[in-house]
Amino acid sequence: MNLPLLLHFLSPQSCVFPSNRSCPDSGPGQSQSSARSLAGADHPLAHCPPRAGKKQRYHFTRGGSGSEKLEPWQPYGAADVPLAEVLRHLGLCWRYFLWWYKKTRQEKKYPFIDLLSAVPLQQIYGCPLGGIGGGTITRGWRGEFCRWQLNPGIYHYETVIADQFTVCLRRKGLTVYQQVLSVERPRTLQDWNWGYCGHYAFYHALYPRAWTVYELPGQNVVLTCRQVSPVIPHDYQDSSLPVGVFIWEVENGNDEDVEVSIMFSLQNGTGTKEDKRGGHWNEPFAFEKEGTRVAGVVLHHCTPVNPFSLAISAREKAGTRVSHFTAFNPTGSGKEVWQDLLQDGQLDSPAGESAPTEKGEVVAAAVCASCAVPARGHGTLELALAWDMPRVHFGSKEKLHLRRYTRYFSSEGDAAPALSHYALTRYEEWEKKIEEWQKPILENSQLPPWYKSALFNELYFLTDGGTIWVELPPDCCAEDVQGPAGAGLSQLLPVLREYGRFAYLEGQEYRMYNTYDVHFYASFALIMLWPKLQISLQYDIAVTVVNEDVQLRQYLMGGETAQVKLKNVVPHDIGEPGDEPWQRVNAYLVHDTANWKDLNLKFVLQVYRDYYLTQDSLYLQDMWPVCQAVMESELKFDKDNDGLIENGGFADQTYDAWVVTGASAYCGGLWLAAVCMMCKMAEVLGDRETMQKYSAILQKGKESFERLLWNGKYYNYDSSGNVTSRSIMSDQCAGQWFLGACDLDQGQFEVFPKSHVASALRTVFEKNVLGFAGGTMGAVNGMMPTGAADTSSVQSKEVWVGVVYALAATMIQEGLVEEGFHTAEGCYRTVWEKLGMAFQTPEAYCEKKVYRSLAYMRPLSIWSMQLALERRAARAPAPPAQAGAPRP
Ligand SMILES: CC(C)CCC[C@@H](C)[C@H]1CC[C@H]2[C@@H]3CC=C4C[C@@H](O[C@@H]5O[C@H](CO)[C@@H](O)[C@H](O)[C@H]5O)CC[C@]4(C)[C@H]3CC[C@]12C
């Protein structure tokens with residue numbers, strides 16, 4: 001049964017309202033009761049898309065006008081940090097302030113982290129539009145176009161009020177209903193009929209798709225807008241396209257025919273001051289190919305840096321008419337457009353382009369698709385949004401980059417019509433592929449619905465993480481890519497030529513690309529869904545390893561001066577969008593990460609994990625010398641030669657404000673896992689000498705690890721003997737997590753005794769999960785054995801969502817399946833439900849009031865839960881009816 005029919009059968013019959021402007025409790029700010037009655041409701045429509053069983057609600061859903069009370073949480077501010085902590089970091093605060101002042105006030109640039117003005121929390125976001133690396137436009141769950149990332153890595157959080165869908169219904173040649181499908185009542189475009197009653201709409205999102213169901217009060221007509229973006233695992237072509245499609249299904253519940261028009265209006269720009277700079281213009285277009293015609297308007301946005309065009313369009317077919325309005329003033333009353341539509345359900349469609357805007361002027365355009373829907377029948381209207389910024393400069397403007405999609409479409413800035421046509425003729429195929437991919441998981445009745453929502457919806461960050469995917473210039477030679485040191489990687493050029501270069505931000509607020517200590521967690525999503533992008537990213541990291549940047553700079557945390565990048569160490573990140581990523585690495589200057597203990601290990605762990613999952617031997621061969629080089633660097637951290645590295649008495653790993661001294665569960669565990677993988681790789685590659693070297697280290701190191709850190713129940717935080725060295729760290733089994741993911745956790749390769757791993761995980765579950773916030777908010781990073789949270793650092797008392805998903809995966813790997821799901825569920829419910837942070841999952845939150853760094857990379861680690869589940873299912877003899885189901 002197709003979706004509209006399913007919806008039709010489930011539609012409530014009681015929601016018929018006589019007036020097209022009234023709402024049960026109308027007015028600009030709707031009452032909470034109407035919102036709540038839908039938001040948490042057992043509204044029948046909440047169960048529908050996409051073809052879910054009635055009892056499954058595995059999407060992110062919202063309803064109503066959205067004014068329901070969500071808790072007013074705040075980004076971390078000075079007031080939330082204990083005085084002792086501030087005093088401890090006085091030097092950092094001062095150095096950061098000086099650096100921030102120079103960056104923002106003198107150089108007029110974006111800082112890579114702006115601690116002094118965090119992005120304010122808006123609990124409005126829904127599913128973003130667009131494929132990978134071509135820019136993203138996020139819509140809110142109420143339908144607004146509100147988050148923009150067209151310049152790579154740079155976000156604008158601005159609702160553009162002219163960007164709307166409007167419906168017009170006509171019966172017997174007369175317009176009977178015309179409504180902007182928005183709950184807003186703005187001061188501009190006041191001749192439009194705003195204030196659609198949110199009570200009649202319901203939103204569902206299951207990334208990369210979303211559905212909004214609108215009942216039209218008093219009309220007995222139901223509209224479902226299905227939003228689709230081309231995000232298709234293992235597809236490296238269509239997944240790169242900067243497009244989104246809106247398929248409007250119309251259900252006519254009346255005994256007479258109705259003519260339905262959907263108008264899509266869009267401002268020329270993204271709601272910034274650039275929209276008023278002048279020189280922008282609009283142009284109608286029609287694009288016909290292989291018998292299909294698509295028509296609409298291209299909005300040329302002519303900025304000096306990174307100019308782009310937007311295109312709104314609809315597909316013409318028998319019975320569907322497409323019309324347009326080339327240019328109107330979105331800051332005026334909007335009367336001309338409104339009346340034009342009202343008159344006959346179509347737009348005027350003048351030929352010719354609009355005059356370029358004057359300075360201070362803003363321009364918008366509209367496209368309209370109309371069809372007749374028979375009595376008790378249904379119709380479909382297909383509209384699209386495409387954006388085309390093929391050539392991009394980062395902040396430094398040194399290098400010109402061509403986006404990935406220019407491989408398939410023009411790079412001249414004229415591709416918007418062709419992109420629109422392609423999207424409108426291919427989206428059905430995309431949907432089929434998305435369904436094929438998602439179906440086995442959605443239909444697995446043993447998986448809880450919240451997990452299905454979390455798994456797919458958290459994936460938004462792969463596109464909306466400031467993501468950029470570019471082509472290697474055709475004339476690019478090995479030295480351009482490898483840098484002066486010459487990495488000697490045989491597959492570097494072939495891989496980058498074939499799959500391009502991929503980078504995503506650590507977070508929308510932490511603007512560093514491919515932050516490697518964090519990508520370690522998130523990389524599961526990439527290796528499982530777009531493995532070639534993970535391989536390409538690893539080649540980029542390998543190149544940076546062998547190169548250096550001898551420039552000196554002062555580091556903010558300790559105040560020491562040191563080189564930007566040392567040879568033979570993994571960088572923290574590959575640069576920031578405000579500068580020249582890939583070219584200049586290590587935008588992060590809080591610590592000198594050459595002394596971090598986790599980065600090199602995380603490279604080795606990913607290399608073997610990637611090899612294990614892809615069986616790509618050429619990749620393994622290329623990465624092997626790089627692994628050896630970074631392990632040699634790392635060996636220097638084993639100062640007492642006991643086979644185990646020691647931390648340096650500062651926050652020298654991903655928990656970059658949590659000090660570690662001596663041997664530690666986190667870095668020591670990662671080290672042993674990496675040493676084990678070195679042995680395994682040496683075995684695969686037949687390198688006996690290296691195998692022997694690392695086997696000896698592993699023997700010694702395992703013994704030291706157990707002796708220094710095992711306390712009978714779990715591994716101590718560190719061996720310093722400080723007051724908090726017995727802190728229970730939720731991430732203490734990170735090494736085991738990777739070993740388990742590669743089936744390297746038993747027999748000859750067992751690194752951590754199985755009984756110790758089980759005991760440590762049970763302790764974490766009991767203390768950090770159940771003992772924190774009533775067991776409902778995931779796992780706190782650090783917990784004292786007494787049952788009080790470890791408050792020794794700002795980060796020990798935080799919950800890190802991505803760490804929690806990784807912990808849950810480790811639990812599942814170790815057979816603690818129920819515990820794993822309970823642990824992860826706390827984070828999903830906290831972020832997506834309690835805090836209203838849909839599609840902006842933060843790095844961290846505390847038990848009360850504060851969170852840190854919205855829209856963050858690490859939570860993509862939820863895909864490691866999926867890997868763990870798939871592994872278990874593959875290992876278990878599946879009962880015939882439930883093949884593929886996890887066994888609790
Ligand atoms: C003016 C402030 C609002 C108040 C001053 C108090 C400060 C002394 C500290 C309070 C909070 C600290 C910050 C917490 C987080 C940070 C993020 C970090 O960057 C990335 O963080 C990841 C961990 O979340 C890490 O894994 C990544 O590799 C990092 O790229 C940089 C340090 C800091 C900003 C930290 C600094 C000190 C406080 C502001």
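In each ligand, atom 1 is the first atom listed, and ligand 1 is the first ligand listed.
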Ligand 1 to Ile113, heavy atom cutoff 4.0 Å, flagged ligand atoms 19 (O)
(request) Classify the angle between the aromatic ring planes of Trp596 and His572 as parallel (below 30°), tilted (30 to 60°) or perpendicular (above 60°). (result) perpendicular
_Heavy-atom gap Tyr655 to ligand 1 smaller than 4.0 Å_ = no
Checking heavy atoms under 4.0 Å, the part of His519 that sits near ligand 1 is neither
Any heavy atom of Tyr588 under 4.0 Å from ligand 1? The part involved is side chain
Numbered in order shown, the ligand 1 atoms found under 4.0 Å of a heavy atom of Gln795 are 15 (C), 23 (C), 24 (O)
Arg852 charged N/C atom sitting above Tyr510 aromatic ring, 6.0 Å / 45°: no
Counting from 1 in the order shown, the ligand 1 atoms closer than 4.0 Å to a non-hydrogen atom of Met512 are 30 (O)
Short version for Leu92: what comes under 4.0 Å of ligand 1, heavy atoms counted, is side chain
Within 4.0 Å of some non-hydrogen atom of Trp800, the atoms of ligand 1 are 23 (C), 24 (O)
Inset, instruction - Over 60° means perpendicular and under 30° means parallel, so classify the ring planes of Phe97 and Trp100, tilted if in between. - result: parallel
Practice item. Looking only at distances, please establish whether an N/O atom of ligand 1 is found under 3.5 Å from an N/O atom of Arg858. Key: yes
Taking the side chain as every heavy atom from C-beta outward, state whether Leu670 and Glu634 have any atom pair closer than 4.5 Å. no
Quiz item: Given side chains that start at C-beta, do those of Arg511 and Tyr110 come closer than 4.5 Å, heavy atoms only?
Solution: yes
**OP:** Check the angle between the aromatic planes of Phe603 and Tyr516 and answer parallel, tilted or perpendicular using the 30° and 60° thresholds.
**Re:** tilted
The answer for which part of Arg88 has a heavy atom under 4.0 Å from ligand 1 is neither
Per-atom filter on ligand 1: closer than 4.0 angstrom to a heavy atom of Glu843 are 22 (C), 23 (C), 24 (O)
Check your understanding: For Asp656, is at least one N or O under 3.5 Å away from an N or O on ligand 1?
Key -> yes
Counting from 1 in the order shown, the ligand 1 atoms closer than 4.0 Å to a non-hydrogen atom of Tyr856 are 22 (C)
So for Trp100 against ligand 1, with non-hydrogen atoms under 4.0 Å, the contacting part is neither
message = Distance to the ring centre below 6.0 angstrom and angle to the axis at most 45 degrees; does that hold for Arg858 and Tyr521?
response = yes
Report task. Would you check if the distance from the ring center of Phe839 to the ring center of Trp832 is below 6.0 Å? Result -> yes
Of all heavy-atom pairs linking Phe461 and Met857, the shortest is CE2-CA, 3.3 Å
ask   = Within less than 4.0 angstrom of ligand 1, does Met557 place any heavy atom?
value = no
- Is there at least one pair of N or O atoms, one from Trp596 and one from ligand 1, spaced under 3.5 Å apart? no
If we number the atoms of ligand 1 from 1 as shown, the ones under 4.0 Å from a heavy atom of Val518 are 26 (O)
Heavy-atom proximity to atom 28 (O) of ligand 1, picking from Asp517, Val794, Thr593, points to Asp517
### Query
N/O to N/O below 3.5 Å, does that happen between Thr515 and ligand 1?
no
The answer for which part of Phe97 has a heavy atom under 4.0 Å from ligand 1 is neither
The answer for which part of Thr654 has a heavy atom under 4.0 Å from ligand 1 is both
*Describe, in one word, how the ring planes of Phe705 and Tyr715 are oriented to each other, choosing from parallel (under 30°), tilted (30 to 60°) and perpendicular (over 60°).*
tilted
Checking Tyr504, Tyr856, Tyr513 against His519 for ring-ring contact (aromatic ring centres under 6.0 Å, His included), the one that qualifies is Tyr504
Check your understanding: Counting both backbone and side chain atoms, is some N or O of His572 under 3.5 Å from an N or O of ligand 1?
Key -> yes
- Task: For Gln534 and Gln606, test the side chains for any donor-to-acceptor distance below 3.5 angstrom and give the result as yes or no.
- Result: yes
Nearest heavy-atom approach of Thr515 to Glu506 is OG1-OE1, 2.9 Å
At under 4.0 Å between heavy atoms, what of Glu506 touches ligand 1? The answer is side chain
Review point. Hey, is Tyr521 one of the residues with a heavy atom under 4.0 angstrom from ligand 1?
Key: no
With a 4.5 Å cut-off on side-chain heavy atoms, are Gln122 and Arg147 touching?
no
Q. Any idea how Trp73 and Tyr845 line up, ring-wise: parallel (<30°), tilted (30 to 60°), or perpendicular (>60°)?
A. perpendicular
Atoms of ligand 1 under 4.0 Å from any heavy atom of His89, numbered from 1 in the order shown, are 8 (C)
